[in-house]
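Below is one structure, written out as C-alpha cells; the observations come after it.
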Amino acid sequence: MKATVNTFTRHKSEGHKFACLTSYGYCEAVAATQAGVELLLVGDSLGMVVQGHDSSLPVTIEDVAYHVRCVRRGNNGALLMADLPFMSYYTENATLKNAALLMREGAQIVKLEGGAWLAESTRLLVERGVPVCAHMGLTPQSVNHLGGYRVQGRDPVKAKTMIAEAKLLEDAGASFILLECVPTSLGKAITESLSIPVIGIGAGPHTDGQIMVLHDLLGLYPGKPAKFVKNFLFENADIQSAISAFVTAVHNQEFPAEEHCYG
Ligand code: KIV
C-alpha cells in the first residue's frame with residue numbers, strides 16, 4: 001500500500017508510532033521500504049554523509065533532485081519527502097520553482113526549515129498542491145546563526161514561542177512538523193498541541209514518528225555520534241536486519257530510550 005499524507009494523520013489518531021529514515025540511493029530505498037519504513041526523506045544531510053562537507057549548506061537543488069530520482073526508483077510504498085536546501089526558498093518564486101522541480105522528480109512532500117516566517121511559504125505551496133513539512137528546533141541550515149548543533153527550546157520562553165509557531169504552521173496548512181534536538185517535555189507538548197503528526201529526531205519518545213539518518217543507524221558516519229543516535233547495526237548481522245530492528249523499536253516504543261533523549 002502506498003502511503004500518503006493522510007496515512008500519517010490516521011497513524012497519529014490511532015496512536016501508531018511510525019518509522020522514517022533518510023535515503024539517498026536506490027538500494028537504500030529498497031532495503032528501507034522492505035523493512036517497513038513508512039516515510040523516506042531525501043535530506044540535505046546528504047551534504048555531510050554523502051558528499052563529505054561539514055554542513056548541509058553546500059547542497060544544491062540539483063543535488064537533491066538527483067537523489068530523489070535515485071530513491072524514487074527503489075521506493076516501494078513509503079511517502080517520499082525531499083528537503084528544499086539552503087537558500088532555495090528565499091523568495092516566493094524560488095520556493096515555487098524549486099518545490100515544483102522536486103515534485104516533478106518524484107517527491108510527494110517538501111521539507112523547509114524555520115518557524116513562524118515559513119507560514120507564508122507553507123500557504124503558498126499548499127494552495128498549489130504541494131504538501132509541506134516544517135522542520136523546527138535545531139535547524140541545521142541555520143547552524144552558523146545558532147552557533148553550532150545545539151539543543152533548542154530549553155529556555156521556557158523560547159519553548160512557548162516554538163509551541164505557538166508550530167500551531168501557526170499547522171494553521172497555514174503544514175502536513176507535518178519535524179522537531180530536531182529539543183527537550184522531551186517540549187517534544188511532548190508540541191505533539192499533544194497539534195492534530196498534524198510530529199516527527200522527532202532527538203525530541204523524545206512522545207512524538208508521533210521517529211526519524212534517523214541512515215548513516216547514523218548503521219554507525220557509518222565518522223566521529224562522535226549525537227546523544228539521540230543509536231547504531232542498530234551493532235546488534236544486527238546486516239543492513240536489512242538493522243533497519244528492520246529500528247522499525248520494530250519505533251513501533252514498539254522502545255526507541256528512543258531515555259539515554260537518547262534530552263531532559
Ligand atoms: O537532512 C536531514 O537528514 C534531516 C534529518 C536530520 C531529519 O533533516
Side-chain angles (χ1 to χ4, degrees), residues 8 18-25 28-29 32 37-61 63-68 70-71 78-89 98-99 102 107 109-115 118 131-143 146 148-153 166 169 174-182 187 190-191 197-204 207-218 220-221 223 225-230 243 246 250 255-256 260-262:
F8 296 88
F18 54 89
C20 317
L21 190 62
T22 65
S23 187
Y24 316 95
E28 301 157 17
V37 169
E38 289 139 310
L39 183 153
L40 291 175
L41 168 67
V42 178
D44 59 2
S45 52
L46 74 89
M48 299 169 86
V49 301
V50 177
Q51 298 173 334
H53 296 293
D54 62 1
S55 77
S56 59
L57 272 62
V59 175
T60 65
I61 192 73
D63 292 335
V64 179
Y66 169 77
H67 288 281
V68 167
C70 300
V71 169
L79 187 74
L80 181 45
M81 182 184 286
D83 264 338
L84 279 172
F86 179 64
M87 281 295 161
S88 67
Y89 44 102
N98 290 322
L102 298 184
I109 175 165
V110 295
K111 177 162 78 62
L112 296 79
E113 295 184 8
L118 285 183
V132 167
C133 171
H135 183 151
M136 302 181 69
L138 170 57
T139 47
Q141 291 173 16
S142 305
V143 62
L146 297 174
Y149 297 100
R150 299 164 192 280
V151 181
Q152 302 295 308
L169 291 165
S175 295
F176 293 90
I177 299 292
L178 188 146
L179 265 188
E180 178 166 355
C181 267
V182 298
I190 293 181
T191 304
V198 175
I199 303 169
I201 177 163
T207 57
D208 304 298
Q210 297 290 336
I211 188 161
M212 278 194 80
V213 170
L214 176 71
H215 294 61
D216 287 340
L217 185 155
L218 300 176
L220 248 184
Y221 192 66
K227 183 177 166 70
F228 57 78
V229 166
K230 176 170 175 177
I243 302 175
F246 162 66
V250 171
F255 179 79
H260 307 117
C261 301
Y262 300 101

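Both counts, for ligands and for their atoms, begin at 1 and track the order of listing. Everything quoted here is computed from the prediction, not taken from an experiment.
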Checklist entry - What do you reckon, is OH of Tyr66 surrounded by more than 12 foreign heavy atoms closer than 6.0 Å? => result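 For Tyr66, atom OH is not crowded (no more than 12 foreign heavy atoms under 6.0 Å).
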Checklist entry - Asp63: what forms a salt bridge (charged side-chain N to carboxylate O under 4.0 Å, His left out) with it, not counting sequence neighbours? => result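 Scan of Asp63 (salt bridge (charged side-chain N to carboxylate O under 4.0 Å, His left out), adjacent residues dropped) gives none.
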Going by the atom numbers of ligand 1, which of them fall below 4.0 Å from some non-hydrogen atom of [X]?
{"X": "Thr22", "value": "3 (O)"}
{"X": "Lys111", "value": "4 (C), 8 (O)"}
{"X": "Gly43", "value": "1 (O), 2 (C), 3 (O)"}
{"X": "His135", "value": "8 (O)"}
{"X": "Asp44", "value": "1 (O)"}

Suppose we measure from [atom] to each protein heavy atom; which comes out shortest, and what is that distance?
{"atom": "atom 6 (C) of ligand 1", "answer": "Glu180 OE1, 3.5 Å"}
{"atom": "atom 3 (O) of ligand 1", "answer": "Ser45 OG, 2.5 Å"}
{"atom": "atom 4 (C) of ligand 1", "answer": "Leu41 CD2, 3.6 Å"}

Item to check | Part of Leu46 with heavy atoms under 4.0 Å of ligand 1, whether side chain, backbone, both or neither | outcome: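 Neither; nothing of Leu46 gets under 4.0 Å from ligand 1.
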Over all atoms of both residues, closest heavy-atom pair of [X] and [Y]:
{"X": "Tyr24", "Y": "Val213", "answer": "OH-CG1, 3.6 Å"}
{"X": "Gly187", "Y": "Val182", "answer": "N-CG2, 4.0 Å"}
{"X": "Gly43", "Y": "Asp83", "answer": "CA-OD2, 3.2 Å"}

Next on the checklist: Quick check: do Phe86 and Ser55 have side-chain heavy atoms less than 4.5 Å from each other?
Outcome noted: no
Checklist entry - Quick one: does Glu113 get within less than 4.0 Å of ligand 1, heavy atoms only? => result no
Checklist entry - In Å and rounded to the nearest 0.5 Å, what is the CG to CD distance from Asp44 to Gln141? => result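 If we round to the nearest 0.5 Å, Asp44:CG and Gln141:CD are 5.0 Å apart.
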